[in-house]
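Order of appearance sets the numbers: ligands from 1, and atoms from 1 within every ligand. The basis for the numbers below is simple: all heavy atoms, side chains too, and nothing from hydrogens, waters or symmetry mates.
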Amino acid sequence: MTAQTHPESSLAANDPTRENTWERRALIDLSAIRENVKRISALVAPAKLMAVVKADAYGHGAIPVARAAIHAGASWIGAAHVTEVLALRTAGITSPALAWLHTADTPFGLAIAENIDIAVSGWELAVVAEAARSAAQPARVHLKIDTGLGRNGCTPEDWAALLGQAAAYQEEGLLRVVGVFSHLAVADEPQRPETDEQLGAFRQAVALAEDAGFDLQVRHLANTPAILSRPDTHFDMVRLGLGLYGLSPFADEAHDSLGLRPAMRLEAKVANVKKVPAAHGVSYGMNYRTNAPTYLGLVPLGYADGIPRVAEGGPVLINGITYRSVGRVAMDQFVVDLGPDIDPGQYMGATAVLFGEGGPNVEEWADASGTINYEVVTRISPRVPRTYVEGTWGESGD
Ligand SMILES: *Cc1c(COP(=O)(O)O)cnc(C)c1O
């Protein structure tokens, strides 16, 4: 196994692997990222693939993930904020890129200067056009239609007017409309009818844009669940988020049946092991009491590291056995009940794997916390060093 801290990662200074040792870490397998890109690229070809790396690549590290995805054939990068893409530009990533969630204070001028495509739902159009005027460089714009999600996007009622305004700015040389896109609400539940309704509305919006004379490079609609379940949503490009990280968007289908490989493994060294009597309380509130004499193991990861405080019974693999978290997750730590029959010497300092290859699935932590896999990986905090590896992991290197 080759383990290294990515030099550009802001987490590098926080990474004890500099001293070739570690206490807690999220291992990120960049070969899994590349495999997932290749698998999805083959599935959607000839449509292009946009690697969605918002929120620090769902907690995996935006710069190394973006590089790995591009290396494996992703032709676009997507993120919510212009500032997220600017950080990638600073790191030397020059691929076509789109940002889609703006405020009145978004640095549109920098986006234009850095060749970042800008999603426009309505109010942004005039602001972007003015930024382009100041920059003396046309903005590249993707117009967003709200086909039913009810977040960003132009309503169908206002679409013709938005197209008209965009055409006028384009005529003036201030912008170029290169894309039309929308976002789906229920593609993770393939039996629901709303995806068909959204798809119909999207087709209409695209047709109107083409009738208005725009020469569109990319029409795009599909997120990970639609990529996997609705080939009729692929159009010219798909926006791959969760699947890039090897996780399944479906409640009833696991990553392996979709041909995906999870890229993150979260682990820590057991920080303490001790024998306690029956009826001993565990953690704040003493919500758990031991029902017999037993050993308690202490895992040094808590809600400050992104382990949800509400988690109950989260799985932890230690010495080949899956234990369950007991008692409340605290800020820095939680406890597992190891039972009475262990050799404490084998557990003190042992590696505790919370999720990832060779360990429990991240979905078990999501279920234990009343949330989804997206949130579990994305919330792993900067206190947990990311360590980048290539290829299959053996027992963790020390
Ligand atoms: C986050 C996001 C995606 C990626 O969604 P996944 O389900 O993670 O693939 C795609 N498009 C938009 C607009 C998004 O905000």
Side-chain angles (χ1 to χ4, degrees), residues 33 36-37 39-41 43-44 47-60 62 65-66 69 74-85 96-103 106 116-121 124 141-154 179-190 192 194-195 198-199 202 205 218-231 233-251 253 255 258-260 262-264 362-363 366 371-379:
I33 299 282
N36 296 329
V37 167
R39 152 112 183 100
I40 300 298
S41 294
L43 189 70
V44 304
K48 291 178 174 152
L49 191 151
M50 171 187 282
V52 177
V53 296
K54 63 190 178 186
D56 205 23
Y58 295 33
H60 294 65
V65 166
S75 40
W76 283 71
I77 291 295
H81 305 156
V82 164
T83 49
E84 293 180 295
V85 186
L98 173 68
W100 50 72
L101 181 58
H102 319 299
T103 70
T106 293
I116 297 168
D117 290 17
I118 301 167
V120 165
S121 297
E124 304 96 331
V141 163
H142 299 226
L143 295 177
K144 185 169 194 182
I145 175 83
D146 181 358
T147 55
L149 181 61
R151 301 192 321 198
N152 247 330
C154 177
V180 167
F181 78 114
S182 187
H183 197 34
L184 295 168
V186 298
D188 57 321
E189 301 172 80
R192 287 181 61 162
E194 291 96 330
T195 300
Q198 287 198 261
L199 182 56
F202 184 66
V218 278
R219 290 146 275 240
H220 48 110
L221 177 62
N223 55 2
T224 297
I227 289 167
L228 295 166
S229 68
R230 293 293 301 253
T233 62
H234 292 175
F235 293 91
D236 303 310
M237 179 166 78
V238 301
R239 302 188 304 269
L240 179 69
L242 192 72
L244 179 59
Y245 310 103
L247 301 179
S248 168
F250 304 115
E253 213 169 345
H255 58 85
L258 300 168
L260 298 172
M264 183 189 289
V362 67
E363 287 77 18
T371 184
I372 54 174
N373 50 8
Y374 287 77
E375 188 177 355
V376 175
V377 291
T378 303
R379 285 174 64 125

Original post:
Does Phe181 offer a backbone N or O that forms a donor-acceptor pair with the side chain of His220 under 3.5 Å?
Top reply: no
Subject >> Candidates Leu228, Thr233, Val44 - the one meeting side-chain contact (heavy atoms from CB on, under 4.5 Å) with Val238 >> reply: Val44
Original post:
Closest non-hydrogen protein atom to atom 13 (C) of ligand 1, residue and atom name please, with distance?
Top reply: Trp100 CE2, 3.6 Å
Original post:
Hey, is ligand 1 close enough to Lys144 that some N/O pair sits below 3.5 Å?
Top reply: no
**OP:** Using a 4.5 Å cut-off on heavy atoms from C-beta on, say whether the side chain of Leu98 contacts that of Met50.
**Re:** yes
**OP:** Report yes if the side chains of Leu244 and Val52 come closer than 4.5 Å at any heavy-atom pair, otherwise no.
**Re:** no
**OP:** Give the numbers and elements of all ligand 1 atoms closer than 4.0 Å to a heavy atom of Gly241.
**Re:** 4 (C), 6 (P), 8 (O), 9 (O)
Original post:
Which protein heavy atom lies closest to atom 7 (O) of ligand 1, and at what distance to 0.1 Å?
Top reply: Tyr374 OH, 2.7 Å
Original post:
Numbering the atoms of ligand 1 from 1, which are under 4.0 Å from a heavy atom of Tyr58?
Top reply: 1 (C), 4 (C), 5 (O), 6 (P), 8 (O)
Original post:
Got a sec, which residues hit ring pair (Phe, Tyr, Trp, His ring centres under 6.0 Å) with Trp100, two or more places apart in sequence or on another chain?
Top reply: none
Original post:
To which protein heavy atom is atom 9 (O) of ligand 1 closest, and what is the distance rounded to 0.1 Å?
Top reply: Thr224 OG1, 2.5 Å
Subject >> Any donor-acceptor pair under 3.5 Å from Glu189 side chain to Val186 backbone >> reply: no
Original post:
Backbone, side chain, both or neither: what part of Phe181 comes under 4.0 angstrom of ligand 1, heavy atoms only?
Top reply: neither
Original post:
Side chain or backbone of Pro225 under 4.0 Å from ligand 1, or both, or neither, by non-hydrogen atoms?
Top reply: side chain
Original post:
Can any side-chain N or O of Glu253 pair as donor or acceptor with the backbone N or O of Leu258 at less than 3.5 Å?
Top reply: no
Subject >> Identity and distance of the protein heavy atom lying nearest atom 1 (C) of ligand 1 >> reply: Lys54 NZ, 1.4 Å
Original post:
For atom 12 (C) of ligand 1, which candidate among Met50, His183, His220 holds the nearest heavy atom?
Top reply: His183
Original post:
Does His183 have any ring pair (Phe, Tyr, Trp, His ring centres under 6.0 Å) partners at least two apart in sequence or in another chain, and if so, which?
Top reply: none
Subject >> Heteroatom distance test (Leu242, ligand 1): nitrogen or oxygen, under 3.5 angstrom >> reply: yes
**OP:** State, with a plain yes or no, whether a side-chain heavy atom of Glu363 is found less than 4.5 Å away from one of Leu247.
**Re:** yes
Original post:
Is Gly243 in polar range of ligand 1, meaning some N or O pair under 3.5 Å apart?
Top reply: no
Original post:
Which protein heavy atom lies closest to atom 11 (N) of ligand 1, and at what distance to 0.1 Å?
Top reply: Arg239 NE, 2.8 Å
